[in-house]
Amino acid sequence: MSDSFDLKKHSVSITNREVIELSGVSDVDSFNAEEIRAMSDFGELLIRGSDLNVEVLDLESSRLKVTGKITALVYTDKTQGKGFFGRIFT
């Protein structure tokens, strides 16, 4: 049986490189004006840019909305760097 049945729906919408809306977000590890680290069932998401601002963070409905100048959206393998010890021993 495939693990894909356990995955939540995930989507990304970017408008004019100024607004990014994501669904399927399970957590936000950290954020500042240049980088936001969010988790989904499909991996960690790094949103990079300038003047980034979290407009909506609703973990109950798995939604994240960020405004600012978006320069990059990068997915990394979700098994990397999981938790404090995962970051130390990876």
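- A salt bridge links R37 to E44: at least one charged side-chain nitrogen sits closer than 4.0 Å to a carboxylate oxygen.
- L45 has its side chain out of reach of T76: every pair of non-hydrogen atoms, C-beta onward, lies at least 4.5 Å apart.
- Counting heavy atoms from C-beta outward, K65 and V19 have side chains that approach closer than 4.5 Å.
- Shown here is D51, whose CG atom has no more than 12 heavy atoms of other residues, nucleotides or ligands within 6.0 Å.
- Under the 4.5 Å side-chain contact rule for hydrophobic residues, L46 and L52 do not share a cluster.
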> Checking side chain to side chain contact (heavy atoms under 4.5 Å, CB included) for the pair D41/H10: CA distance, chi angles, key distance, verdict?
Replying inline: CA-CA 8 Å; D41 284 347; H10 173 65; over 6 Å; no
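- Residues E18 and I70 approach most closely at C-CD1, 4.0 Å, considering heavy atoms.
- You'll find the side chain of I20 reaches within 4.5 Å of the side chain of V12, heavy atoms only.
- Within the 4.5 Å cutoff, side-chain heavy atoms of V74 are placed close to those of R48.
- We find the CD-OG1 distance between E34 and T71 to be 9.5 Å, quoted to the nearest 0.5 Å.
- Closest of all the heavy-atom pairs between Y75 and F42 is CD2-O, 4.2 Å.
- For the residue pair S11 and S23, a side-chain donor N or O sits within less than 3.5 Å of a side-chain acceptor on the partner.
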>> Go through it in stages, so that I can follow the logic: the residues are M39 and D29, the test is side chain to side chain contact (heavy atoms under 4.5 Å, CB included), and I'd like the CA-CA distance, side-chain angles, deciding distance and then a yes or no.
In response: CA-CA 7 Å; M39 290 298 301; D29 290 336; 3.7 Å; yes
